[in-house]
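This report refers to the structure that appears directly beneath it.
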2 protein chains.
Amino acid sequence: MTSVMSDMLTITELARETGITARAIRFYESKGLLTPRRAGTTRIYTHRERGRLQLILRGKRLGFSLTDIGEYLDLYDADPTQHDQILLLLDKVNSRIEELKSQKVDLDDTLKELTSVREQALAAMQEASAQAIRA
Amino acid sequence: MTSVMSDMLTITELARETGITARAIRFYESKGLLTPRRAGTTRIYTHRERGRLQLILRGKRLGFSLTDIGEYLDLYDADPTQHDQILLLLDKVNSRIEELKSQKVDLDDTLKELTSVREQALAAMQEASAQAIRA
DNA sequence: GGCTAAGTTGACGTAAACGTCAACTACCTT
DNA sequence: AAGGTAGTTGACGTTTACGTCAACTTAGCC
């Protein structure tokens, strides 16, 4: 099965494009993270769903649960004309920004440490080869 | 049960200190991530194990699996006098650095987007209140 | 209009990371 | 030495995020 219009993908096409399985995509839908249109019974993925899927995958790479990612996606299509929706949105955005900032601290610390481990390993090798030459 | 020497903690003390459960700590041990000494049957946690536990928790915050974290911990106590161990070590460190760097890109992108979402929400609120004044 | 490949919906299985008893054992205190 | 508090080892339960059939429709092609 292959779709006619460009920008309209079938589930296997989308799966191949993103490197995940069709099963996973259906699972995300069952969790409410995706809501593709249908052509009869067949799911049709357009630009919007592809974007959302990219956000889902990035969220996963960052270690968030699908539930977290669901809330995160809601931030994007919240109605900006509703005053209290905006306030709620701001709250969520702010707290997530704080989460990510502290995650960034962890990440930077770990990167520094690993870099230092590498330096030490390299130094140990230099020392070993220097001894071999002296021998 | 409470330990005499400072720097020597029992499992519940360590649990309280780190905010995780004793069950989790035992679980990490069963996975080989911790190897506390024993006083009889009771586990004794010293400076070394506490450091390792911090690394475990940070790894978790970064979204790594316990298996990943196990390999990561091995990097710290690899024998630096073994030449090929060092090479292996360097390989692992380098690939993990690459992982973390790409994770950092994801993180920065997400932070930028969320900040922009926040700006837009704030702008929408300004607009709404401005209209209220004009009315 | 019939075949085959692709898509769909359940139902069940699974791995990771613990939580939750249960049944003991070991300490420390009085 | 008796009792309560902590600690220990299984064993089983649970949630998340899918994988894996199985049994059916559906769609496009000749």
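Below, chains carry the letters A, B, ... as their sequence lines are ordered, and counting in each starts from 1.
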>> Rounded at 0.5 Å granularity, tell me how far CD in B:E17 sits from OG1 in B:T12.
In response: 11.5 Å
> Would you say the side chain of B:R26 and the base of D:dT8 hold a donor-acceptor pair, judged only by whether the two atoms sit under 3.5 Å apart?
Replying inline: no
> Relative to the 5' end of DNA chain D, which residue comes earlier, A:A24 or A:A39, by the nucleotide with the nearest heavy atom?
Replying inline: A:A24
> Are B:Y28 and C:dC18 close enough that a side-chain N or O sits under 4.0 Å from OP1 or OP2?
Replying inline: yes
>> Considering every strand and a 4.0 Å limit on heavy-atom distances, what is the contact class for A:F64: base, sugar-phosphate, or nothing?
In response: nothing
>> I need the A:K31 NZ to A:T67 OG1 distance, nearest 0.5 Å.
In response: 7.0 Å
> Nearest-Å distance, CG (A:L14) to P (C:dT8)?
Replying inline: 11 Å
>> Distance check, rounded to the nearest 0.5 Å: A:I25 atom CD1 versus A:L33 atom CG?
In response: 12.0 Å
> Quick one: which of C:dA6, D:dT8, D:dA17 gets closest to the side chain of B:I11?
Replying inline: D:dT8
>> Nearest whole Å is fine: how far is D:dC18 P from A:L33 CG?
In response: 10 Å
>> Would A:R52 and A:Y28 count as a cation-pi pair here, with the cationic atom under 6.0 angstrom from the ring centre and within 45° of the axis?
In response: no
> Where each residue is assigned the nucleotide of DNA chain C containing its nearest heavy atom, which of B:R23 and B:L66 is assigned the position nearer the 5′ end?
Replying inline: B:L66
>> I need the CD-C1' distance between B:E29 and D:dT8, as an integer number of Å.
In response: 11 Å
> What integer distance in Å separates B:I56:CD1 from C:dA17:C1'?
Replying inline: 13 Å
> Which sits closer to the 5' end of DNA chain C, B:S65 or B:G40, going by the nucleotide each is nearest to?
Replying inline: B:S65
> What's the closest nucleotide to the A:T42 side chain, out of C:dA17, C:dT8, C:dC18?
Replying inline: C:dT8
> CD1 of A:I44 versus C1' of C:dT8: gap in Å, rounded?
Replying inline: 13 Å
>> Below the 4.0 Å mark, does D:dT16 have OP1 or OP2 next to a side-chain nitrogen or oxygen of A:T67?
In response: no
> A:I25 has an atom CD1; how far is it from atom C1' of C:dG7, in whole Å?
Replying inline: 13 Å
>> Can you tell whether the side chains of B:K112 and B:E119 come within less than 4.0 Å, N to carboxylate O?
In response: no
>> On DNA chain D, compare the nucleotides closest to A:K60 and B:R38; which residue's is nearer the 5' end?
In response: B:R38
>> How many whole angstroms separate atom CE of B:M8 from atom P of D:dA6?
In response: 19 Å
> Just how far, in rounded Å, is P of D:dC18 from CG of A:L53?
Replying inline: 11 Å
>> I want to check one thing: is the phosphate of C:dG19, taken as OP1 and OP2, less than 4.0 Å away from some side-chain N or O of B:T21?
In response: yes
